[in-house]
Amino acid sequence: MNREVRVRFAPSPTGALHIGGVRTALYNYLFARKTGGKFLLRIEDTDQTRFVEGAEDYIKDALAWLGISPDESPWNPGTVGPYRQSERKPMYMQYALDLVEKGHAYYAFDTSEELEAMRQRLTAARVVSPQYNSITRTQMKNSLTLPEDEVKSRLESGEPYVIRVKIPRKEEVRLNDLIRGWVMVHSSTLDDKVLMKSDGMPTYHLANIVDDHLMGITHVIRGEEWLPSAPLHVLLYRYFGWEDTMPQFAHLPLLLKPDGNGKLSKRDADKHGFPVFPMDWKDPNTGDTAMGFKEQGYMPDAFLNFLAFLGWNPGDHRELFTLDELIEAFSIDRIGKSGTKFDINKAKWYNEQYLRAKSDEELAEFLLEDLEKEGIPVDKEKAAKIAHIMKERATFPSDLWKEGKFMFVAPTSFDESVVSKRWNNDAVAVLNAYKEKLSGYSEDLSPESAKSLLEEAAEINGIKLGKVMQAVRLAATGVGAGPDLMAVFSIIGKEELIQRIDYALNNLEVNS
RNA sequence: GGUCGAUUCGUCUAGGGGUUAGGACGCAUCCCUUUCACGGAUGAAACACGGGUUCGAUUCCCGUAUCGACUACCA
C-alpha cells in the first residue's frame, strides 16, 4: 500500500499563530515536499465561541511570509474540501450516528450541572480522576441507562444532547509513533469523550478523524500535547473501520520557556523581550499588539532555518540551510524526542548570517526605506556603500540605519569617555592640519585619498597616526567605535567632514 | 493525584557497549586591525541518580528523582 503522502496543518483560528504552530506547519511542509506529497491547510473552527476575527487571515499571511505554501487550503481548494470544519458541519453527524449504530457511541443528556455534580461526588469519594467512563456512565443520563422510548422522546422533543464515544472497560490500545516508538495505554484510563457537541458541531476528536480520513491524510505530524488523546483516535479509526488507512502519527516535542520550564507562552515573550509570533498580532478584543518576528527584523529565510533546528538536525555539522536544502535534508526520524528550550540568541545569530549573505543592493533597499521615513534623501549607490560597510555589524536590517545614523547626521554630542582619554593637543594639531589638507584637495574624497591626506597631516606634526586615530573618529562620528573610518569619510564627503572637524575643534576642550 | 512522555556542556544538539564524548549559540582569552564588529585560533563547560546485565555502561534493562504534556460539550 503505497499511497501518495498527504499531510495537513490544522490550526484553529483563535488568535495569532504561535511559533510552535509555525514549526509544526514547517515540518509538515518539509515532509510533504521531501516525499513528493501534498501539504494541506485545514481550519479547525469547530468551537464557535473561541472564534477570533482576523485569526484566519493571520495564519494565511504568516505562512505566506515564510513561503510555506499549502497545496490545498480554504483559498486554493483541492478536491476534498471544504477546508474549514465549520463548512463541513453537515458531514459529521452521519459518522457519529454510524458509531452509535455500531454500539461504539451513545447519546448523553446530562447537563453541565449534572456533570459537575458527578465530578464532585467522585472527588468526595476520593476517586483519583473523576471522568465519564465505563463505570460512571451507568449512573448518568444517557442512551445506555435510559429506556429506549425515553431516549427516543428526548431526542424528538429537541432536548439538547451530546454523543459520546463508548470506551471499552478493558483493552490495551497501542500505537507506533514515528518519533516515540510504541506507546501503550489501557482503555480504563481513557474517558468517554464527547464526539458531537450539543450545538451540532463535532469536537476535535471526531472532526480530525473524519476529516483526515476523507482528505486522505497519510501522516499526522502534530504537537506532543496530542499524545495523550492519540489512543482515543486509534480507537475511533478502528470503530469506523478505517484502520487499514489510518495515518501514521508523529508527535513533535514541545517548545519550552528559555528559563525554568513549561510551554513557551506569550508571557515569556513579553518577559524576555522577544516575539513568539511570526508577525505582529493585534488582538481585536483587547486592542493590544503582540510583536512578531517579522516586524522585529527577522528575515523569513533566517527565521525558517532557526525554526527547523528547534527539535530537528540534519545529523552533520551544517547549520545554514535554504528552504530547498531543508527539504532535501529533512526526515522525521531525525526529530528529537525531548522538549526544546527557546533561545533567542540563536535566532539572532541566524539572522546575522543571512544578513551578511545578502548583497549590498538588497540591504540598501532596507536602508532606503528607513531613510525615507526619516526624511533623508539618499541615492541607491550611496546606500549600497553604507550597507557594505555596515552589514558586518548588524543583526537586523534596521540596524543599518540605527547604527549608521552618523553617516547622515553630524554628531552634536561626543562620547565622554573617549573625549577624556583621546582628545589631546596632538589630536587638535592633526585635525587642524587635516582640515587644511582637505580644503586644498579639489577632487572627491576616496578612502585612499582620505587616508593619505590624514597621514600627511600627522606627519607634518611629527605625530604617529595611530595615536590620534580615535580622536579623529570621535570628531567625525561622536563615538569611539564604528566601521572603517576612511570609508566613512569617503561616503560623507569632504565638505561635511570639514564641518564636523570644525564643530569638534570648537566644542571640545582638551583636558590637562 | 492519575495516564503518557522526556532527561548528553548554560542553551540547541551529534554519538552510542571500549571515544581525548564531537559541533553550534553564548561566554573567556589571544591574533588580525585606526576602534568596534567581522574573521581566525584557543579555552572553560555535559552523559540526572541508584541498582542490575556485561570483562567493560553515558549507551541496554529496572527503579528513583526532576521536568513536561494531558486529565472540558477547547483545540
Side-chain angles (χ1 to χ4, degrees), chain A residues 10-14 44-47 49-50 85 108 110-112 115 119 123 126-132 160-164 177 179-180 183-186 188-191 193-205 207-208 222-231 251 253-254 256-263 306 309-320 334 336-350 352 356 389-394 403 418 422 451 454 464-474 477 479-486:
Chain A
S12 54
T14 54
E44 308 232 322
D45 53 352
T46 53
D47 187 352
T49 63
R50 292 211 307 163
Q85 289 183 330
D110 315 278
T111 63
S112 51
L115 289 171
R119 285 189 198 102
T123 309
R126 297 195 303 164
V127 172
V128 280
S129 56
Q131 48 182 19
Y132 209 117
Y161 66 92
V162 299
I163 294 177
R164 286 180 181 272
D177 188 273
I179 294 173
R180 284 148 217 287
V183 177
M184 267 167 271
V185 167
H186 198 87
S188 62
T189 64
L190 266 27
D191 63 344
K193 281 265 182 292
V194 170
L195 263 22
M196 288 296 289
K197 300 186 267 189
S198 56
D199 65 358
M201 276 289 201
T203 59
Y204 171 84
H205 300 106
N208 105 86
R222 76 224 306 190
E224 189 185 312
E225 65 268 29
W226 292 110
L227 196 51
S229 56
H251 289 95
L254 261 13
L256 271 18
K257 301 170 188 291
D259 63 352
N261 297 289
K263 236 174 165 178
F306 164 69
F309 273 72
L310 252 29
W312 171 87
N313 74 84
D316 55 36
H317 286 160
R318 292 176 296 161
E319 305 270 349
L320 267 13
R334 294 212 62 87
K337 291 178 170 66
S338 52
T340 302
K341 283 193 190 131
F342 188 83
D343 180 12
I344 195 66
N345 267 330
K346 202 86 172 207
K348 285 183 181 165
W349 179 78
Y350 272 110
E352 285 163 3
R356 279 167 210 149
I389 62 169
M390 291 303 298
K391 69 176 166 188
E392 298 291 270
R393 52 219 315 122
E403 307 293 320
V418 183
R422 307 285 185 173
K451 178 146 198 193
L454 183 57
K464 284 213 161 164
L465 188 53
K467 301 208 84 170
V468 295
M469 209 55 191
Q470 282 282 79
V472 175
R473 177 182 291 281
L474 179 77
T477 68
V479 292
D484 179 68
L485 237 204
M486 299 309 128

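FYI, side chains are in, hydrogens and waters are out, and symmetry mates aren't considered; it's all heavy atoms of this structure. Because the structure is a prediction, the values reported are computed rather than measured. Each chain gets a letter, A, B and so on, in the order its sequence line appears, and its residues count up from 1.
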Item to complete: Kindly indicate, with the supporting measurements, whether the criterion side chain to side chain contact (heavy atoms under 4.5 Å, CB included) is fulfilled by A:R180 and A:L227.
Response: CA-CA 10 Å; A:R180 284 148 217 287; A:L227 196 51; 3.6 Å; yes
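- Pairing partner, B:rC27: B:rG43, with both Watson-Crick or wobble hydrogen-bond distances short of 3.5 Å.
- Here A:Y350 pairs with nothing under the ring-ring contact (aromatic ring centres under 6.0 Å, His included) rule; sequence neighbours left out.
- For A:W349, the ring-ring contact (aromatic ring centres under 6.0 Å, His included) criterion is met by no residue, not counting sequence neighbours.
- At a threshold of 4.0 angstrom between heavy atoms, the contacts of A:G311 are confined to the sugar-phosphate backbone, with no base atom among them.
- Between A:S338 and A:E224, every side-chain heavy-atom pair lies at or beyond the 4.5 Å cut-off.
- Atoms CG (A:L454) and P (B:rU35) sit 14 Å apart, rounded to a whole Å.
- Using a 4.5 Å cut-off on side-chain heavy atoms (C-beta onward), A:L195 and A:R164 make no contact.
- Residues meeting the salt bridge (charged side-chain N to carboxylate O under 4.0 Å, His left out) test with A:D110, sequence neighbours left out: none.
- Using a distance-only test at 3.5 Å, with no hydrogens or angles considered, a donor-acceptor pair links the side chain of A:T203 to the main chain of A:V194.
- A:Q85 pairs by the side-chain hydrogen bond (donor to acceptor under 3.5 Å, both in side chains) definition with A:E44, A:D211, not counting sequence neighbours.
- With a 4.5 Å cut-off on side-chain heavy atoms, A:K197 and A:I163 do not count as touching.
- Using a 4.0 Å heavy-atom distance criterion, A:M184 is classed as a sugar-phosphate-only contact.
- For A:L320 and B:rU13, the CG to P distance is 18 Å, given to the nearest whole Å.
- At a threshold of 4.0 angstrom between heavy atoms, the contacts of A:R318 with the nucleic acid are absent.
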Atom pairs under 3.5 Å: protein N/O with N/O of nucleotides 48-50 of chain B:
none

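- With P as the reference atom, B:rG10 and B:rA48 are 11 Å apart, rounded to whole Å.
- To the nearest angstrom, C1' of B:rU13 lies 14 Å from CZ of A:F306.
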Discussion item. I need a per-nucleotide contact map over nucleotides 68-75 of chain B, read 5' to 3'. Cutoff is protein heavy atoms under 4.0 Å; write B for the base, S for backbone only, - otherwise.
Written reply: SSS--BBB
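- Taking atom C1' in both B:rU8 and B:rU66, the straight-line distance is 16 Å, to the nearest Å.
- For the pair A:L256 and A:F342, the minimum side-chain heavy-atom distance is 4.5 Å or more.
- Residues A:L485 and A:V472 form a side-chain contact, since some pair of their non-hydrogen atoms from C-beta on lies under 4.5 Å apart.
- Every side-chain hydrogen bond (donor to acceptor under 3.5 Å, both in side chains) that A:R222 has, sequence neighbours left out, goes to A:Y204, A:H233, A:H251.
- Applying the Watson-Crick and G-U wobble criteria (two distances, each under 3.5 Å), B:rA48 pairs with B:rU64.
- Pairing partner, B:rG18: B:rC55, with both Watson-Crick or wobble hydrogen-bond distances short of 3.5 Å.
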Anything under 3.5 Å between a protein N or O and an N or O of nucleotides 38-42 of chain B, put it in a table, one pair a line.
unit_1: B:rC38; atom_1: O2'; unit_2: A:E392; atom_2: OE1; d: 2.6

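- Nearest-nucleotide positions on RNA chain B for A:G480 and A:H186 put A:H186 closer to the 5' end.
- Summary of the strand contacts: A:G466 and A:H317 both lie near RNA chain B, and taking for each the nucleotide with the nearest heavy atom, the more 5' one is attributed to A:H317.
- Across B:rU58 and B:rC49, the matching C1' atoms stand 13 Å from one another, rounded to whole Å.
- At whole-Å resolution of the value, CG in A:L310 and C1' in B:rA24 are 13 Å apart.
- Here the P atom of nucleotide B:rG26 and the CZ atom of A:F309 are 15 Å apart, to the nearest Å.
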Polar pairs (N or O, both sides) under 3.5 Å between protein and nucleotides 63-66 of chain B?
none

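- Atom name P, nucleotides B:rU54 and B:rU42: the rounded distance is 43 Å, in whole Å.
- Nucleotide B:rG2 is matched to B:rC70 when pairs are restricted to Watson-Crick or G-U wobble geometry with both distances under 3.5 angstrom.
- A donor-acceptor contact shorter than 3.5 Å links the side chain of A:T477 to the backbone of A:V479.
- Look at A:N313 and you won't find any side-chain N or O under 4.0 angstrom from OP1 or OP2 of B:rU13.
- The gap from the P atom of B:rG22 to that of B:rU3 amounts to 40 Å, rounded to the nearest Å.
- Taking the P atom of each, B:rU64 and B:rA45 are spaced 34 Å apart, rounded to whole Å.
- The ring-ring contact (aromatic ring centres under 6.0 Å, His included) search around A:Y132 returns none, not counting sequence neighbours.
- Rounded to whole Å, the separation between the P atoms of B:rA44 and B:rA28 comes to 16 Å.
- For A:R334, the salt bridge (charged side-chain N to carboxylate O under 4.0 Å, His left out) criterion is met by no residue, not counting sequence neighbours.
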Strictly under 3.5 Å: I want the nitrogen or oxygen pairs between protein and nucleotides 8-11 of chain B, one per line.
none

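- When the C1' atom is compared between B:rC27 and B:rU35, the two are found 22 Å apart, to the nearest whole Å.
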Discussion item. Applying side chain to side chain contact (heavy atoms under 4.5 Å, CB included) to A:M469 and A:L454, what does each step give before you reach the verdict?
Written reply: CA-CA 10 Å; A:M469 209 55 191; A:L454 183 57; 4.0 Å; yes
